[in-house]
Amino acid sequence: MDIEDHSLCGKLLIAMPGMGDTRFDHSVIYLCAHSDEGSMGLIVNKPSLDIKIDTLLEQLDIPKGEQSSDIRVHFGGPVEHGRGFVLHSRDYDAGDSTLHVDDSFGMTATISILEDIAQGQGPRDALLALGYAGWGAGQLEGEILANGWLTADAEPELVFNMDNEEKWSAALETLGVSPLLLSSTSGNA
């Protein structure tokens, strides 16, 4: 398969050991956009250790309703980490503000989704990411060809419901790859 001829939008990127960029070590990234101009994705398995949804809502002056649902806050990537993106199930739609990635996933980056989540009217499944991972034209394809990433189909159960520590191994296993067999070094025979 020639990856340049196929969109990776809606796929998972699974970081290979030893890829060289520690920010992406054992990362699983959901690709929200992929085209000839570049790619954009959200890391879905690296929770923010210092930011909780309640703190974020308070900082944004968003009152939390009685039926408010909890949402995990993640480090979405090294680009614009002060900006928030909500990856969510397709049962939520904010009109032109929602990017319909595929039949299972949408992404909304406006404050209205946080207000709806705070009032218990948000999507069934959601993950809030601060920042994103971005690639220029051809950059991601080059990293894939250099064995920096594997690609896999994205399953909502893995993205939204699985423990963050298990997502990398589980994503590999969807490809039939055992994480124990991967080496962080490569060489020639």
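Just so it is clear, the model here is predicted, and its values are computed rather than measured.
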Within 6.0 Å of [atom1] in [X], more than 12 heavy atoms from elsewhere:
X    : atom1 : answer
E58  : CD    : no
N161 : CG    : yes
D96  : CG    : no

Do [X] and [Y] make a side-chain contact, defined as non-hydrogen atoms from C-beta onward lying under 4.5 Å apart?
X    : Y   : value
V28  : L13 : no
T151 : L31 : no
Q139 : S39 : no
H74  : V44 : no
V101 : C9  : yes
F85  : M40 : yes
V177 : I14 : no
T55  : D50 : no

Note: D54-K52 ion pair, threshold 4.0 Å (strictly below):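 No.
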
[X] side-chain N/O to [Y] backbone N/O, donor-acceptor pair under 3.5 Å:
X    : Y    : result
K46  : H26  : no
W135 : G142 : no
T174 : A171 : yes
E166 : L158 : no
R23  : G77  : no

Nearest 0.5 angstrom please: [X] [atom1] to [Y] [atom2], how far?
X    : Y    : atom1 : atom2 : result
C32  : H100 : SG    : NE2   : 13.0 Å
S48  : I53  : OG    : CD1   : 10.5 Å
D21  : D25  : CG    : CG    : 9.5 Å
D103 : R90  : CG    : CZ    : 6.5 Å
Q59  : I51  : CD    : CD1   : 7.0 Å
Y92  : Q121 : OH    : CD    : 9.0 Å

Chi angles and distances behind the side-chain contact (heavy atoms from CB on, under 4.5 Å) call for I29, L42: CA-CA 5 Å; I29 298 176; L42 303 171; 5.6 Å; no

Identified side-chain hydrogen bond (donor to acceptor under 3.5 Å, both in side chains) partner of H88 from the options D93, D125, T108: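 Among D93, D125, T108, the one that satisfies the side-chain hydrogen bond (donor to acceptor under 3.5 Å, both in side chains) with H88 is T108.
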
Worked verdict on T98 versus I113 for side-chain contact (heavy atoms from CB on, under 4.5 Å): CA-CA 9 Å; T98 296; I113 191 170; over 6 Å; no

Nearest non-hydrogen partners of [X] and [Y], listed with the distance:
X    : Y    : value
Q119 : K64  : NE2-C, 4.1 Å
K167 : L127 : NZ-CD1, 3.9 Å
P78  : F24  : CD-CZ, 3.8 Å
N45  : W168 : ND2-CB, 4.1 Å
V86  : A126 : CG1-CB, 3.9 Å
A154 : G10  : CB-O, 3.4 Å

Aromatic ring proximity, centroids under 6.0 angstrom, F160 and F105: yes

From CA spacing to verdict: side-chain contact (heavy atoms from CB on, under 4.5 Å), I117, L57: CA-CA 10 Å; I117 288 169; L57 293 175; over 6 Å; no

N164 and R72: CA distance, side-chain angles, deciding distance, side-chain contact (heavy atoms from CB on, under 4.5 Å) verdict: CA-CA 10 Å; N164 288 305; R72 298 189 228 183; 3.7 Å; yes

H34-E141 side chain donor-acceptor pair, cut-off 3.5 Å: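 Looking only at side-chain atoms, E141 and H34 do form a donor-acceptor pair, the distance falling under 3.5 Å.
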
